[in-house]
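Notes follow the structure.
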Amino acid sequence: MKNAVRSALVAGAAALGVIGGMAPVAQAADGVIVSRERGHVLDCRGKLGELTVAVSLYDNSEHGSFASVVVDGDEGPVYGGSSEPSSLFRGNTVATGIPVERTADQRAMGKAVVVGAFLPKGKPVPVHEVVDDAGYIIESTGTHRRLATKVGVSLLGKYTALTCQDAFRYDLKVTKTPA
């Protein structure tokens, strides 16, 4: 789970192109940036016939939202897409549409529509992690709380339920120090 927190912060922010790029909550003269970041991470998988569907959903109070879908066949990715929805998680629900293209020729194939619900599961778990990324030492301290999920995706005219390997809500103080 430790790596999931790193993935939530670093990969999500990098996907949005915002590490060091958005107005920080507080920036010291020495370049240290401190922010409070809250959000959700859902990393889910399912089967669509012979194909495997991977859906990643991420939101962050400082950096926005990111959603992606990848559909793999025997030879690798067949379809895929991503979006930066303005609204992804509301209350205890999640809903978004992700434009999907065929990997071979980037032909538009419609949208993957992801919908579901989640509830907190267990107590918040303390987390502390330090990583070196994009020219910063990033220290994250706070909590995450597992989520029980019921999520599915409609894609290419079919629906499949998804199982979320990583599903949690986070609340972190993030300190970014120039490396």
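Not measured: the values here are computed from a predicted model. In what follows, every heavy atom counts, from backbone to side chain, and hydrogens, waters and symmetry copies are set aside.
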Co-members of Leu155 in a cluster of I, L, V, M, F, W and Y side chains, linked at under 4.5 Å = Leu42, Leu48, Leu51, Val53, Val55, Leu57, Val69, Val71, Val78, Tyr79, Leu88, Phe89, Val94, Ile98, Val100, Met109, Val114, Phe118, Leu147, Val151, Val153, Leu156, Leu162

query = How long is the gap from OG1 on Thr143 to CG on Leu172, to the nearest 0.5 Å?
reply = 7.0 Å

message = Applying side-chain contact (heavy atoms from CB on, under 4.5 Å) to Val34 and Lys173, what does each step give before you reach the verdict?
response = CA-CA 7 Å; Val34 178; Lys173 174 185 174 189; 3.8 Å; yes

key: side-chain contact (heavy atoms from CB on, under 4.5 Å) between Arg45 and Thr163, intermediate numbers included   = CA-CA 5 Å; Arg45 304 280 184 275; Thr163 301; 5.7 Å; no

task = With rounding to the nearest 0.5 Å, note down the distance linking NE2 in His144 to OH in Tyr170.
result = 12.5 Å

task = Would you check if Glu129 and Val127 make a side-chain contact, meaning some heavy-atom pair closer than 4.5 Å?
result = no

key: Nonpolar side-chain network containing Leu119, other nodes, edges under 4.5 Å   = none

message = Does any part of the side chain of Asn60, heavy atoms only, come nearer than 4.5 Å to the side chain of Phe66, both counted from C-beta?
response = no

query = How would you list, by chain and number, every residue that makes a side-chain hydrogen bond (donor to acceptor under 3.5 Å, both in side chains) with Glu101, sequence neighbours excluded?
reply = none

task = Look at the side chain of Ser68 and the backbone N and O of Ser82, then say whether any donor-acceptor pair between them is shorter than 3.5 Å.
result = no

Arg145 side chain vs Val125 backbone, donor-acceptor pair below 3.5 Å = no

Disulfide (SG to SG under 2.5 Å) contacts touching residues 77-135 (sequence neighbours left out) = none

ask   = When rounded to the nearest 0.5 angstrom, what is the spacing between CD1 in Ile137 and OG1 in Thr177?
value = 7.5 Å

task = Hydrophobic side-chain clustering at under 4.5 Å (ILVMFWY, transitive links): who's grouped with Val113? Put none if nobody.
result = Val115

message = For residues 89-98, which residue pairs pass the side-chain hydrogen bond (donor to acceptor under 3.5 Å, both in side chains) check, not counting sequence neighbours?
response = Ser87-Arg90, Asn92-Arg169

request  = For residues Arg36 and Asp171, determine if any side-chain heavy atom of one lies less than 4.5 Å from a side-chain heavy atom of the other.
outcome  = yes

